[in-house]
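If you're wondering where the values come from, they're calculated on a predicted model, not measured in any experiment. Letters go in sequence order (proteins before strands), and every chain restarts at 1.
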Number of protein chains: 2
Amino acid sequence: MTTIDATPLRGTERPGPRRQEVATRIKEYILRNRLKPGNLLPTEIELCEAVGASRSSVREAVKILSALDIVEVRHGHGTFVGRMSLNALVESLAFRGLLSGEEDHHVLGQVVDVRQTLEQGLAAQAIDVLDEEHRAELSALADEMENLAAQGKDFLEVDRAFHLKLMEPLGNDLILQLTEAFWQVQAIVAPTLRTEPEDRVITAQRHRAIVDAVAAGDPAGLRSAIAEHYAPIRASIARAVQP
Amino acid sequence: MTTIDATPLRGTERPGPRRQEVATRIKEYILRNRLKPGNLLPTEIELCEAVGASRSSVREAVKILSALDIVEVRHGHGTFVGRMSLNALVESLAFRGLLSGEEDHHVLGQVVDVRQTLEQGLAAQAIDVLDEEHRAELSALADEMENLAAQGKDFLEVDRAFHLKLMEPLGNDLILQLTEAFWQVQAIVAPTLRTEPEDRVITAQRHRAIVDAVAAGDPAGLRSAIAEHYAPIRASIARAVQP
DNA sequence: AACGATTTGTACGTATGTATG
DNA sequence: ACATACATACGTACAAATCGT
């Protein structure tokens with residue numbers, strides 16, 4: 001049932017590198033056979049025969065696709081259709097941020113801009129779809145932040161959960177994954193800043209303000225609460241540029 | 001001057017696959033030496049010696065990094081620090097869209113949501129920073145769209161230029177690249193829809209409305225003009241689900 | 001628990017294509 | 001035209017992980 005169009009790469013036509021050709025064929029195979037995430041792909045050797053390439057080339061192509069989470073390779077088991085996460089975006093952006101963050105942190109600042117824009121832009125409709133249960137969970141997370149901040153501890157995971165919970169009821173997977181991705185990028189790049197302990201207390205309070213604005217059903221208030229929530233990190237970035 | 005910390009991977013410690021180890025080392029090398037995009041990296045053979053891995057592992061690692069545009073390889077020339085584009089996001093998201101687009105087009109719909117959210121959220125400040133020259137260019141692009149639409153032609157490139165020009169004066173590289181990336185994803189996935197010729201005429205007119213709102217300095221009008229601009233593609237998606 | 005079959009991971013060798021001088 | 005340096009491609013052999021018997 002090997003159906004990878006075994007046309008032997010007619011004649012001299014060789015547009016790009018071999019691995020790119022192979023990667024394209026594998027993607028076409030997935031589309032043509034309507035495979036879904038988690039489905040098994042042919043073995044490397046079968047792919048070699050099907051596409052007429054060496055195993056090295058096939059492997060390099062598969063590694064490219066796995067870096068994009070289009071496929072997922074499990075040692076000793078097989079190659080599967082990937083989960084299509086935004087891992088590639090995170091890795092790429094995070095590295096860019098680390099590279100630029102040695103001097104200024106302008107990439108980090110841009111990430112904060114995007115996060116704020118998305119959350120503010122979706123705030124109004126978030127209020128409409130947030131039910132009582134969601135509001136209670138957000139409030140509980142804000143409580144937890146305030147407790148941890150009072151103890152001088154950080155609350156990375158709680159913060160992550162908060163922002164995801166805020167966007168979750170919109171029912172848009174992509175927005176949820178972008179929220180997650182940009183949060184991760186900030187979590188990776190931000191530690192290169194020195195963070196003031198009092199900033200954490202302020203940040204916890206600002207999350208409380210967001211919850212309050214949601215409960216009050218006040219879109220404009222929510223937008224400004226979100227903006228103020230990002231003020232401490234912006235201040236840290238500004239401090240880092242001119243210390 | 002090879003400085004890739006040639007610790008021979010002490011003893012039995014082998015957390016992940018070899019290529020992941022190598023990829024991490026290469027990233028560390030770039031960061032440690034403060035390399036910038038375009039700078040030359042050591043040759044594959046030098047990397048092999050430095051990290052104590054075989055050619056195959058090094059190549060697979062480099063291919064992963066090149067898929068993320070962290071490095072860029074030029075045949076017969078060498079390996080360089082990459083341009084850090086969002087190519088990985090485009091490839092990953094576009095494939096996801098194609099995969100889901102065989103039945104419904106919910107991924108395409110989510111991409112449209114994100115594009116609209118970003119543009120609406122930035123519309124207000126875009127008005128503030130757009131100068132006369134920008135407005136003239138936007139107007140010229142809208143003219144061009146209307147002309148092409150009247151002739152029944154498509155205007156993909158003009159549309160792309162329009163949306164980039166709208167976000168350009170904000171001075172945020174990341175937002176510009178996200179605009180470009182999501183546009184590309186839509187351009188790749190949308191052709192799987194059948195597009196009505198009259199939709200193009202309407203879309204051209206909606207771009208004109210955006211220009212007018214910018215010229216009038218009317219943020220609320222601009223936001224609704226942007227929303228209406230995406231109406232035709234939303235309608236196409238809805239038609240595709242139940243034809 | 002142990003073994004073998006299957007599949008991916010790593011290593012090495014050789015030849016070829018490509019860009020630079 | 002030639003030489004050098006580099007990436008590309010192929011093939012083979014063996015190691016490591018997973019699964020079923």
Identify the pairs formed between an N or O of the protein and an N or O of nucleotides 12-14 of chain C at a distance under 3.5 Å, and give each distance.
from, atom 1, to, atom 2, distance (Å)
C:dC12, N4, B:Ser56, OG, 3.1

CD of A:Glu72 versus P of C:dG9: gap in Å, rounded?
11 Å
Just call it for A:Arg74: base, sugar-phosphate, or nothing, with non-hydrogen atoms closer than 4.0 Å on any strand.
sugar-phosphate
Holding to side-chain hydrogen bond (donor to acceptor under 3.5 Å, both in side chains), I want the full list of residues that pass it with A:Asn172, two or more places apart in sequence or in another chain.
B:Asp113
I'd like to check the side-chain hydrogen bond (donor to acceptor under 3.5 Å, both in side chains) partners of B:Gln184; sequence neighbours left out, ordered by chain and number.
B:Glu180
Contact under 4.0 Å: A:Arg59 side-chain N or O vs D:dA9 OP1/OP2:
no
With A:Arg200 as the cation and A:Phe155 as the aromatic partner, state whether NZ or CZ is under 6.0 Å from the six-membered ring centre and within 45° of the axis.
no
Within 6.0 Å of CD1 in B:Ile45, more than 12 heavy atoms from elsewhere:
no
Report the C-alpha separation of B:Arg18 and B:Glu21 in whole Å, then their side-chain angles, then the decisive distance to 0.1 Å, and conclude whether the salt bridge (Lys or Arg N to Asp or Glu O under 4.0 Å) test is met.
CA-CA 5 Å; B:Arg18 209 86 183 85; B:Glu21 197 75 24; 5.8 Å; no
Counting heavy atoms from C-beta on, name the nucleotide in D:dT8, C:dG9, D:dC10 closest to the side chain of A:Arg18.
D:dC10
Salt bridge (Lys or Arg N to Asp or Glu O under 4.0 Å) partners of residues 57-70 of chain A, not counting sequence neighbours, each pair once:
A:Arg19-A:Glu60, A:Glu44-A:Arg59, A:Arg59-B:Glu60, A:Glu60-B:Arg59
In whole Å, what is the span from the CD1 atom of B:Ile45 to the P atom of C:dA11?
15 Å
Under-4.0 Å side-chain N/O to phosphate OP1/OP2 contact, B:Lys63 with D:dT8:
yes
How does protein reach along nucleotides 16-21 of chain C, written 5' to 3' as B (base within reach of a heavy atom under 4.0 Å), S (only sugar-phosphate), or - (no contact)?
-BBS--
When you check the side-chain N and O atoms of B:Asp159 and B:His207, is any donor under 3.5 Å from an acceptor?
yes
With a 3.5 Å limit on both atom pairs, tell me what D:dA1 is paired to, counting Watson-Crick and G-U wobble, or say none.
none
If you check the B:Thr79 side chain, which of C:dT10, C:dT8, D:dA7 turns out closest?
D:dA7
Contact list for residues 31-66 of chain A, test ring pair (Phe, Tyr, Trp, His ring centres under 6.0 Å), sequence neighbours left out
none
